[in-house]
Amino acid sequence: MTVLREIGRAPDPMAMRLDTRPGEVVDRETAFTFYWNGHSYPAYEGDTIASALAACGVRIFSRSFKYHRPRGLLTADYLDPGCIVQVDDEPNVRGGHRLARPGMTVRPQDTWPSLAHDVKAANGLLGRFLGPGFYYKTFIRPQSLWPTYERVLRRFAHGGEVPATAQAPGGRPRYDKRFAHPDVLVAGAGPAGIAAAVAAARSGAQVVLVEEEHSLGGHLRWGGPADLTALQELRDLVGATPGIEVLTNSVVLGRYDDNWVAVVQRGLAGGAERLVKARVKCLVVAAGLLERPYVFAGNDIPGVMLSTAVRRLVNLYAVRPGTRAVVLTANPEGDATAEDLTTAGVQVVHVEDARRGGDVVRAFGRSGVTAVEVAGGRRLECDLLVTSVGWTAPVSLLTMAGNIPRYDERCARFRPDVARLPSGVMATGGIVGDGSTAELVAHGEATGREAANRADRLAREWRTMAPQGSGEGAARPAPRPESARIPELAPQPHPELFRGATHGIVDFSEDVSSKDLFTAVAEGYRYVELAKRYTTATMGPAQGKLETVNVVAIVAEATGRTIAETGTTTWRPPYAPVTLGALAGRSREPRRVTPMQPWHELHGAVPLVAGAWIRPDHYGDPESEVLAVRERVGIIDVTPIGKIDLRGPDVPRLLNLLYVNRWSKLDVGRVRYGVMCAEDGVVLDDGVTGRLDIDHYLMSTTSSGAATVWEWAERWLQTEHPDWQVQVTPVTTAYASVNVAGPRSRELVQRVVDDIDVSSEAFPYMAVRVGQVAGVAGCVLWRIGFTGELSYELHIPASYGLHLWERLLEQGRDLGVRPFGVEAQRILRLEKGHLIVGQDTDGLTRAFSAGLAGLVKLDKDDFVGMPELGWQRESGDDVRLVALRTADPALVPHEGTQLIDGNDRICGRITSSRMSPTLGRSVCLAQVAEHLAQPGTEVAIRLTDGGTAVATVSEHLAQVDLQGVRLRG
Amino acid sequence: MIVLTCPWCGARDSEEFGYVGELGARRPDPKAATPAQWRSYLYQRANIAGWTSERWYHRMGCRRFLTVERDTTTNEVRSVLDAGGLAEDQ
Amino acid sequence: MTDSAARAHHDVAKQPAGRGHPVAALRRSRYSALSLLRHGIRGDDWPLAWRTHDLRRGYQVVIVGGGVHGLATAYYLAREYGITDVAVIERGYIGGGGSGRNTAILRSNYLTPEGVRFYDRSLTLYSALAAELNYNVMFSRRGHLTLAHSDASLRTMRWRAEVNKHSGVDSEVIAPDDVKRLVPHLDTSSEARYPVLGALYHPPGGIIRHDAVVWGYARAADSLGVHIHQDTEVTGIDVSGGRVTGVRTTGGDIATPVVINCTAGWSTTVSDMAGVRMPIQTFPLQAAVTEPVKPFLRTVVVSGTLHVYVSQTDRGELVFGASVDPFASYSTRGSLEFVEGLSTHVLELMPSLDKLRVLRQWAGVCDMTPDFAPIMGATDVDGFLVDVGWGTYGFKAGPVAGEAMAQCVATGATPELISSFSLSRFARGRLVAEKGAAAVGH
Amino acid sequence: MAEEVPIARSPIVPADPEVVAAGWAVSGRRSSAALRITDCMPLAKVAIKAPLGGAMAHGLGVRFGRSARQRWEIGEGEAVVLVVGAGPGEWLVLGPPRTQDRLRSVLCHTAAVTDELVSVIDLTHGRALLRLTGERSGDLLAKECGVDLADEACPDGAALRSAVSGVATDLIRDDVDGADRAPTTSYLLHCERSSGQYLFDSLLDAGAELGVDIDGYVPPGL
């Protein structure tokens, strides 16, 4: 089809390139080629993809979303909806902004030769039926067909393609982040923005000046000689003023609560992007003005452009946008455009002046404008139609600060309510009002000075609060006096032009027409938000910057309300689309390892990710690790176990408060197992606590609970009992911890301790000793038995952890010592019937449901969760933790499988299950309904394959060493 | 990211802190409390849209529990005090 | 039969019963390919999807909140029980709250039997909704994957799968290879910081066009005689002698014996007007959407560990959601830390998406209850019913909640389906066990 | 069977060449880069908790948010220590390698004469300690820490605790003499031990574009 042929057409090298223009940004000394749609095209350094292609006469860059109409340049900048392309593996690149690079491969995104016929049809017929929400009205019956319809709809999805696999790290752009604390951040480097930055810096402020485009100066860049002179002066000022950090090709993404401002720096070396997170003391928004498209029949035909697009192409890139032009102008910029065209050798066949009632009724043509009908029915042949019908103030950063813009019919645009801005946010430049360059600069300077003052006041406030000031040097010079009032920047009168006499496209990326909006209103979607959602106007990649005001105006027209009554729509961050990569930055996931990790890695440990901790799950054969412990001796690295140092006379009160059991009488040298519950009686954590000295205790917690329990203790002490004499210090990783378990563990420990008698008499079960181990003083040993075996937990100053580990293996070689991992430990404790908080308990499991009845001391004065546990004991109906014995000893039901009662109702679940190498049969823990918890009760397990198996509730949770002989041996 | 002006550390990003919750009713006497009283203490919340007193914890900083006055409709913070009444000059 | 429900029943029973006939009522504006063609050719306008009315001085039932819950309740009251003297009071525009801000994911793979039963009913209603309402809500059953990155979460997945299967809901735990087959862009390598150990696969899950659900219910309810009042805010609820007597709004006062609180985010404020206290805290829930790209992601992908869920719309955009904000707030301004965390986690899962751009972020407000389950049915004030506390899962339940609340009002009895969601459960210490899932295996 | 005190190991694997200094396995690498990072693990680290405004607090003479070098009598001989006001009622004393036992006993004696509740805990092996030196160290930290470290806000001697790369870290501004004896910006970073390697790697990665280089440890390093 013609359109595709045109896109595929071989380049006509720089046919539309003009002779050197005074303000051009292209470097004619540096030429190169790149690829567009499979063909090689020339470009100059400084060209955007769009300008380089336009210079070669390319007029069509994409196809529209719904009707697949050909689309050309509209704004020739980042916002251009007609020039969104695929660059290499990057989708949705803005061709009007992205600089052309040697060898880059650029492809159109939405031209589907394979769909040529659909496309043709869509262009010709379908349009009338694809009205707003047409999909809500059809594909309803038969429902069975909807998935098929849906697949067709999905093929219409607009946009580029993402690769299935990430680039090799080398080729992958590097993403980075940094924090910044500028006094003043200026968003937008037009004349007012530059003036504000310079004035603020001269007042002593640290300033960041952010410009979305590749160079400073805003609209001055494509202006006349006077503008270019002013531009040079302003740029020199920036260069000459210390304290200004300039970020170009960077955009302020959003202003969040408390002036938390996000800026993304694009196009750094190697395509890198950096997110700057700035706590800005005063934000100055100088976003300028955006030119607004005009709505009329044919307003999306290639060759219909905004005046700013034409001036960019002609003056910045020296590109002739057409040969015969008609200009619709309502303001001086439009007039200037006509002059620019003439100087560029474009024949301006007619200038239609909207200030004198001129108008454009419709444009003719398909793949390009061929003629225009103006007011009065005159038809003019042309290949370029320029519109200059008004401006939109990009107020989104201000609305993010809670400001509500007001419609001002005098200048036909929404303006920020500057009087109501928070003190940390100011605005200057076109977004506020109109004026000569001198007036804009004056307004910017005054704003910049005031911004510096406000920043200074906040800085003083914060400095006085921060404790780390040295007292001396930190003092700043005395506060500056209030700056002179900021001059008025009055908006110039401008005719209200939104839609002409005919219907045309309102949202170019979504293919939404003014007719669609009228229809939506007629169907009852009368609120702008509803009309937007129903038609999807403003939902596309242009984020509504070009079309929102036209949408509001047209909904107003359709509902017979005024624009002010109709109101505007919410602006949401980000201000510009931003890559997931830039938002993610360098991947940064905290990772914790024990002192023995190097050994584990060397010896084939299979890693287990447990929160931030990386631990050995096993060393290849967990079952034999289990047997080694049961029959000989094993060692496990349990460093992650939480350890908290508690000191002070009131420690027992704290323990009595946090634990459900009693702590008043714990002798020095003894340890005790304890369980903590929350105020709702739900089990929170467990562990042993030992008394090392009169007022000195060491508490242990679960690995995952270490931080929680520390905060829990601090919380009760700080907020409920600030009078208690207790000091809490977390010492989890001050010690490397090794559990030595198994019948021969005493022998092994004996060989490494230097000054501790480990005989059963001197060091009984549930005792703690402090002494020297493997040449290292200050070690803590306690004799406990999570595994159910005789075992000692050795805590050694962490820098010697690896040394101890290696000593144990070497000293225990003849004893058959073996390292074991978390998996073996899980099996061992399960054989012994010891629960794991968070696995055998859940978010509703209270102490009496976890087999802890014997522990709970309801006669204490108080402890956390006491009342709920009291009531739980009375109310009989709850769940209980039991050990289950499957009829088939070989059956290991999955953890999480459900227990079923006689009425096929769920009555419990398996919480832990493993094949026991020790018993040669499966062992399970389960939560069952209380009435089924009696030993000997038979329960049915609903297996994952749907089958059922029978199991019996055991007498004890433990299946190994019921009397605990091994423990106490 | 809002700013909490910690009485100990100065102005810091809220990311450094842990939010504990609104300051509800005081803890009833565990020996005397009826189930209704206790569960109201456990579960009922004023959930005010506006100025609220709440508990925060400066996890990455001074590790003190703090009493914060915040407007839940704007996230504006009015005051931040040490929950235990601790102060440098005591 | 509870007092307030009985009261409500007594008052509505006076109504001539007899089921409404939406199909007949809708004939004048029936949607179909044919009518689309007809309108296309004639180029004439479609009739109003719903009308605007003057506020009456009295209604039999006043529903506060014009979201999917409120509108569905109104629709089923009219459709199932012929109760049409109903007003839906909406502060802004319909669907402007949680209904228009959620990520439109549907699933029924919950943890507790009561949860599964409840959401499964909702899914059933959703799948027939387009025909029922004669409005294509574009329910797309594409399957729902919940990834497990640790043995603990794998255990929870198994737990959920088994409870689901027992309730006849299609869920199973699948292996990393099968996950990779379903989502080729996913990094299932063992080098991943959060390796994929498996996933809970729930084929019936999917996504839907949330606005369409709201508009479809509004249009159908309107055609049955329900009044929808937008731009009208409830300012007070009159209670005397422990009974609801009326509602005050910015549009005028209404006398009514029955008020149903169907709001989200602001439900405490509305309940406070009736003097009913709630165990609720309001948290923002944020979401974001990317620029459209060609379809590459069919299923809905969720990672609990990484607090992220992802789906791709038919338009090609990726829609991202996460868990609620770290602190309570009524503010619906998005935060930067949200999109940062989100992006980090999305790229942990699908590293090749790094050049995809976030287009828009937004936030809604959610009513979080202590046990991650809703609060439905009667309260201590006669005639004041609640359908609140929907946390982050309210949209999924819209149809079934509407059906159940309508039954509550019309029959005066609390349906068994929602009996475990009563407000009184907190005073009784009988919380719903969905909390179990949230608290196990992190 | 008592034995020799073994070699102590830092949580951070020493960059080649590995040498032994003051009983520690450390990196013998030498760098003259403008921005350097050093693992200072061998330094003695003693944590103190004592009542605010009490005698012990007064004796230490450093308030929260500041640090100061002091010359202490410890058993036989003197030592230059860095006393850090690490938190409210919380101090950290950094001393030369192998002084932790003497520092602890000195502090315990002082505590004994006050009748206050004082915790003195040797955390020499329980924490990781890094030093980042160079004019651009602030720029590097600005990538990983959200606190304003400008000279005005965080002058030499300042001490604060915040998140660095997401890890709770004590940051101490402790400038050192540069080549020409002019003070060079330097920070000590002190965090929980098991996150040490991660923090070290994270700073290396963040500093790559600033040319950060590993410099080995040379006693006393304080």
Side-chain angles (χ1 to χ4, degrees), chain A residues 90-92 128-129 134-141 143 150 153-154 157-166 254 256-257 260 262 277 519 522-524 527 529-530 533 541 543 572-574 577-581 583-584 589 609 838 842-844 868 871 894-898 906 909 942 944, chain C residues 31-33 36-37 40 45-46 48-50 93 96 113 130-131 134-136 140 150 155 158-159 162-163 166 184-185 193 211-212 291-296 314-316 334-336 339-340 343-344 346-347 351-362 431 433 435-436 438-441:
Chain A
E90 180 177 1
N92 305 329
R128 321 171 52 186
F129 312 110
F134 73 92
Y135 29 75
Y136 301 134
K137 299 196 180 91
T138 180
F139 308 144
I140 295 174
R141 283 181 191 281
Q143 273 189 295
E150 190 196 2
L153 274 189
R154 279 169 72 87
H158 216 49
E161 289 168 6
V162 290
T165 51
Y256 299 91
D257 290 340
W260 186 236
K277 305 191 275 179
T519 309
E523 288 186 40
Y527 295 88
E529 283 297 337
L530 286 177
R533 289 160 175 268
Q543 299 175 293
R572 296 187 171 110
V578 55
T579 61
L580 292 172
L583 289 170
E589 294 288 331
V609 179
D842 60 49
L844 287 182
E868 284 292 351
W871 298 319
H894 282 289
E895 293 173 345
T897 46
Q898 302 294 303
I906 291 173
R909 73 172 194 280
R942 174 61 43 82
T944 54
Chain C
Y31 291 160
S32 72
L36 195 72
L37 203 63
D45 278 341
W46 294 88
L48 287 172
W50 55 84
Y93 56 93
N134 175 238
Y135 201 104
N136 188 354
S140 172
S150 71
R155 194 180 306 119
R158 176 78 61 190
W159 177 1
E162 291 313 305
V163 173
H166 181 264
H185 285 60
R193 172 66 176 80
D211 291 329
E291 294 177 345
V293 284
K294 296 284 181 280
F296 69 92
D314 288 338
R315 292 161 44 81
S335 76
L336 177 64
V339 274
E340 287 183 271
S343 306
T344 311
V346 168
L347 293 186
S352 67
L353 302 189
D354 63 307
K355 296 200 186 77
L356 188 54
R357 291 181 192 80
V358 172
L359 193 59
R360 207 159 51 243
Q361 69 175 111
W362 67 91
L431 274 57
K435 184 165 185 250
V440 289

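Sequence lines set the chain letters: A, B, ... in the order given, protein chains first and strands last, and positions in each chain run from 1. Bear in mind the structure is a predicted one, so any value in this text is a computation, not a measurement.
The part of C:Pro113 that comes within reach of chain A is its side chain, from C-beta onward, which places non-hydrogen atoms under 4.5 angstrom from that chain. Residue C:His185 touches chain A through both its backbone and its side chain, counting heavy-atom pairs closer than 4.5 Å. Only the side chain of A:Tyr527 comes within contact range of chain C, with heavy atoms under 4.5 Å apart.
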task = Walk me through it: do C:Trp159 and A:Asp842 pass the test side chain to side chain contact (heavy atoms under 4.5 Å, CB included)?
result = CA-CA 12 Å; C:Trp159 177 1; A:Asp842 60 49; 3.8 Å; yes
task = Decide side chain to side chain contact (heavy atoms under 4.5 Å, CB included) for A:Arg533 and C:Tyr93; before the verdict, give the C-alpha distance in whole Å, the side-chain angles of both, and the deciding distance to 0.1 Å.
result = CA-CA 12 Å; A:Arg533 289 160 175 268; C:Tyr93 56 93; 3.8 Å; yes
task = Any chance you could lay out the side chain to side chain contact (heavy atoms under 4.5 Å, CB included) test for A:Thr944 and C:Glu162, step after step, and finish with the verdict?
result = CA-CA 7 Å; A:Thr944 54; C:Glu162 291 313 305; 3.3 Å; yes
ask   = Can you check side chain to side chain contact (heavy atoms under 4.5 Å, CB included) on C:Asp354 and A:Thr579, steps first, answer last?
value = CA-CA 6 Å; C:Asp354 63 307; A:Thr579 61; over 6 Å; no
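Contact count versus chain C (heavy atoms, under 4.5 Å) is highest, among A:Glu868, A:Glu161, A:Lys277, A:Glu523, for A:Glu523. Counting heavy-atom pairs closer than 4.5 Å to chain A, the top residue among C:Leu336, C:Asp211, C:Val163, C:Thr344 is C:Leu336.
What you find for C:Arg193 and A:Val609 is that their closest heavy atoms are NH1-CG1, 3.5 Å. Nearest heavy-atom pair across C:Arg158 and A:Thr897 is CG-N, 4.5 Å. Across all non-hydrogen atoms, the minimal contact from C:Ser343 to A:Leu580 is CB-O, 3.4 Å. For the residue pair C:Gly334 and A:Tyr256, the shortest heavy atom distance occurs at O-CD2, 3.1 Å. Taking all atoms of both residues into account, the shortest heavy-atom contact from C:Ser352 to A:Ala164 is OG-O, 3.4 Å. Of all the heavy atoms in C:Leu356 and A:Val162, the pair that sits closest is CD1-CG1, 4.4 Å.
At a threshold of 4.0 Å, the pair C:Arg155-A:Glu895 counts as salt-bridged, since one of the basic side-chain nitrogens sits closer than that to a carboxylate oxygen.
Judged by distance alone, with hydrogens and angles left aside, the side-chain atoms of A:Gln543 form a donor-acceptor pair with the main-chain N or O of C:Leu359 at under 3.5 Å. In this structure, C:Arg357 contributes its side chain and A:Asn92 its backbone to a donor-acceptor pair below 3.5 Å. For C:Lys294 (side chain) and A:Gly159 (main-chain N/O), a donor-acceptor pair under 3.5 Å exists by modelled atom type.
Contact check for C:His166 versus A:Arg942: side-chain heavy atoms found under the 4.5 Å cut-off.
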